[in-house]
**Student:** 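Here you go, one structure.
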Amino acid sequence: MKLQRDFYLGDTLEISKRLIGKVLVRNTPDGVTKGIIVEAESYIGPFDKAAHSYGNRKSERTAVQYGPGGFAYVYFIYGMYYCFNVVTGSEGKPECVLIRALEPLDGIELMKKRRHTENIRNLANGPGKLCNAMAIDRSIYGCDLCQNELYIEDCGFSPEIEVSKRINIDYADEAKDFMWRFTAKGNNYVSVKTKK
DNA sequence: CGGAAGATTTCT
DNA sequence: GAAATCTTCCGA
């Protein structure tokens, strides 16, 4: 069943944890693609030096984070890749969850075509890759996850969850040691930089 | 294999 | 000028 608005309005760390094992569903004119969320990280704006919204910074890019939870925050990075986040918390709180990896579940042929690879493990085991596989780009910035174009559903999976430090945020001083990364334990589709 | 560099938007 | 990244190219 599809997750409703109230799921996204609570505590960001709690939501991150509960998102592991949920299914991300993307509807496009080309077809439907689905993937189980196996890796996610929390970014809690004002207190988190790694967050785009640290210290309540506001810009055109981060604007949607300041709205209520349950919307898509998509940003462009390194000139080539998109990253997909779920906005969480109530209005005025710039908090979000970065979806880092998916286990492909449905529409796999379509994902292969978009990614130009036959290796299923390589389809969505990283933030930039999963956006490519799910056809996520600027056009769904601010998209309501309670609609049909893009949403998350609960299929009853509840994998064992592993907690670790976040990835590639060495510049964030003490924030880099926060245990705000959640992964499905032993899952093969978690992004490669898992070691440490 | 493993490491390093490059692509090139958005904000500081 | 550097980032919440990925791919390709090079040398062992």
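Letters A, B, ... mirror the listed sequences (proteins, then strands); counts begin at 1.
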**Student:** With the criterion being N/O to N/O and under 3.5 Å, what pairs connect the protein with nucleotides 9-11 of chain B, and how long is each?
**Tutor:**
from	atom 1	to	atom 2	distance (Å)
dT10(B)	OP1	R138(A)	NH1	2.7
dC11(B)	OP1	S59(A)	OG	3.2
dC11(B)	OP1	R61(A)	N	2.9

**Student:** Roughly, in whole Å, what's the span from OH in Y54(A) to C1' in dA3(C)?
**Tutor:** 17 Å
**Student:** Between dA2(C) atom P and H52(A) atom NE2, what is the distance in whole Å?
**Tutor:** 16 Å
**Student:** Without decimals, in angstroms, what is the distance between Y75(A) OH and dA2(C) C1'?
**Tutor:** 14 Å
**Student:** Can a salt bridge be assigned to the pair D173(A) and K49(A) using a cut-off of 4.0 Å between side-chain N and carboxylate O?
**Tutor:** yes
**Student:** Between E153(A) and K34(A), is there a side-chain N and carboxylate O pair less than 4.0 Å apart?
**Tutor:** yes
**Student:** Give each stem of DNA chain C as a range with a range, requiring at least 3 consecutive Watson-Crick or G-U wobble pairs whose two distances are under 3.5 Å.
**Tutor:** B:1-7 with C:5-11, B:9-11 with C:1-3
**Student:** Determine the contact category for N85(A): base if any of its heavy atoms lies under 4.0 Å from a base atom, sugar-phosphate if only primed atoms, P, OP1 or OP2 are that close, otherwise nothing.
**Tutor:** base
**Student:** Heavy-atom nearest nucleotide on DNA chain B for Y81(A) versus K58(A): which residue maps closer to 5'?
**Tutor:** Y81(A)
**Student:** Tell me if the centroids of the rings in Y73(A) and Y75(A) come within less than 6.0 Å of each other.
**Tutor:** yes
**Student:** Rounded to whole Å, how long is the line connecting atom OH of Y82(A) with atom P of dT8(B)?
**Tutor:** 12 Å
**Student:** Is it true that, when you exclude K185(A) itself, more than 12 heavy atoms of the residues, nucleotides or ligands shown sit nearer than 6.0 Å to its NZ?
**Tutor:** no
**Student:** What is the separation between atom CD1 on I136(A) and atom P on dT5(C), rounded to the nearest whole Å?
**Tutor:** 16 Å
**Student:** Once rounded to the nearest 0.5 Å, what's the spacing between atom CD1 of I37(A) and atom CG of N187(A)?
**Tutor:** 12.0 Å
**Student:** Can a donor-acceptor pair be found between the side chains of S164(A) and R181(A) at a distance below 3.5 Å?
**Tutor:** yes
**Student:** Ignoring hydrogens and geometry beyond distance, is a side-chain donor-acceptor pair present between E39(A) and T183(A) at under 3.5 Å?
**Tutor:** no
**Student:** Distance only, no hydrogens: is a donor on one side chain within 3.5 Å (strictly under) of an acceptor on the other, for D137(A) and S139(A)?
**Tutor:** yes
**Student:** What is the distance, rounded to the nearest whole Å, between atom CG of N119(A) and atom P of dT7(C)?
**Tutor:** 11 Å
**Student:** When we call it a touch if two heavy atoms are under 4.0 Å apart, what does L98(A) touch: a base, just sugar-phosphate, or nothing?
**Tutor:** base
**Student:** Nearest whole angstrom, please: distance from the C1' of dC6(C) to the CG of N168(A).
**Tutor:** 11 Å
**Student:** More than 12 non-hydrogen atoms from neighbouring residues, nucleotides or ligands closer than 6.0 Å to NZ on K113(A), yes or no?
**Tutor:** no
